[in-house]
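For reference, the structure discussed in these notes is given below.
Residue numbering restarts at 1 for every chain, and letters A, B, ... go by the order of the sequence lines. Everything quoted here is computed from the prediction, not taken from an experiment.
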2 protein chains.
Amino acid sequence: MDRLDRKLLNLLQRNAARTNADLADEVGLSPSSCLRRIRKLRRSGIIDRTVAILNAAKTERRLKALVTVELELHGEHHMRRFLDLAVAEEAVSQAYAVTGEVDVFLTLRLRDMEEFDALCDRLFRDQTNVARFNTMMVIRTGKDDTAIRL
Amino acid sequence: MDRLDRKLLNLLQRNAARTNADLADEVGLSPSSCLRRIRKLRRSGIIDRTVAILNAAKTERRLKALVTVELELHGEHHMRRFLDLAVAEEAVSQAYAVTGEVDVFLTLRLRDMEEFDALCDRLFRDQTNVARFNTMMVIRTGKDDTAIRL
DNA sequence: GCCTTCGTGCAATAATATTGCGCCAATGAG
DNA sequence: CTCATTGGCGCAATATTATTGCACGAAGGC
């Protein structure tokens, strides 16, 4: 893991569609060396996968909502159960167990508020062990990076 | 935008490294047709970009923190100023203006708590117009998808 | 019913990835 | 200090994959 590997990773996190020769040129390596490095980074698992990122605005799921959830019962078992429930939802794109005043944090991708309503029914009411939840709708996006700076 | 386009987008959001012939086969098209569709999806902007996703655990920035921020002054101007400040930070990977009890939401990628401390100094103290902030450290990740289900 | 438009598959071609090989620098043992 | 070993490099050949030209057929407008 030297300077060149880091440089490659930074570049690939911004654009993984570039040709190998192009990348090689930018980092100052031959195409073959460059490719071998990238392959090693893949095999080692540092590069988990490469994916297409959609422009959410041109999608039906335009709305982004952030939800904090406080559980009624806090045992490991109950936490796991709620997370499983959340993960199974198509609208849920991130689900974390967190420290602090709340227990779980969710990011939602929503078509409209009706979908949100239906989701609330499934996740936050009845027998789902939720004491309280608080929703923030995203008004403006300042930044939305998938990259991890090395 | 028909069923095949959606199928392609769903596949590419999971793995954009597959060969065109492979994709074509899975959706039931010829390679040429498949490629032309994908190119159109790119040009139309629905596909914004394709990127490498790293395994954060194998990275130096292992810690993920979520921060809600309440501003002192709420004018559009002040909001913009704070967001700009946040966006400029390498550790900030998401920055949103939101509705609800707080004004701004941030996702951080941190090396350690020292980096967090330094970031707090820059973003939350002194003259940055922050009334209050609340940090949640991510304990467990249930889901962390970049995909938007179509 | 005919014409236009659009998307398709096939096959040829162009671009790109991948591999074999010989070379050099760094490292460690004797 | 020297020599063998290891690992990574570039070059050039080869294999894979993307891309394009073309002819065909279905759907919709007139």
Any pair counted as salt bridge (Lys or Arg N to Asp or Glu O under 4.0 Å), so long as it reaches residues 40-54 of chain A, sequence neighbours left out: none

NZ/NE/NH1/NH2 to OD/OE distance under 4.0 Å, B:Lys64 and B:Asp144: yes

Lys/Arg-Asp/Glu bridge criterion (N-O < 4.0 Å) met for A:Asp117, A:Arg125: yes

Non-hydrogen side-chain atoms of B:Asp112 and B:Glu115 separated by less than 4.5 Å: yes

Pairwise ring pair (Phe, Tyr, Trp, His ring centres under 6.0 Å) hits with a residue in residues 36-82 of chain A, at least two apart: none

Residue pairs involving residues 6-16 of chain B (criterion side chain to side chain donor-acceptor pair (under 3.5 Å); sequence neighbours excluded): none

Range on DNA chain D touched by chain A - first to last nucleotide, heavy-atom distance under 4.0 Å: D:dG8 to D:dC11

Helix axis bend for the helix from C:dG1-D:dC30 to C:dG30-D:dC1 - C1'-based end axes, five pairs, 10° rounding: 30°

For nucleotides 15-18 of chain C, print each protein N/O atom paired with a nucleotide N/O atom at under 3.5 Å, atom names and distance only.
unit_1	atom_1	unit_2	atom_2	d
C:dA17	OP1	A:Asn20	N	3.1
C:dA17	OP2	A:Asn20	N	3.0

Below 4.0 Å: OP1/OP2 of C:dG9 and any side-chain N or O of B:Ser33: yes

Carboxylate-amine/guanidinium proximity below 4.0 Å for B:Arg132 and B:Glu101: no

Candidates B:Leu9, B:Leu41, B:Leu12, B:Thr146 - the one meeting side chain to side chain contact (heavy atoms under 4.5 Å, CB included) with A:Leu54: B:Leu9

Whole-Å distance separating the CZ atom of A:Arg37 from the C1' atom of C:dT19: 18 Å

Any side-chain heavy-atom pair of A:Arg81 and A:Leu85 under 4.5 Å: no

Nearest-0.5 Å distance, CG of residue A:Leu63 to CE of residue A:Met137: 4.5 Å

Value in whole Å for how far the C1' atom of C:dC21 lies from CZ of A:Arg36: 10 Å

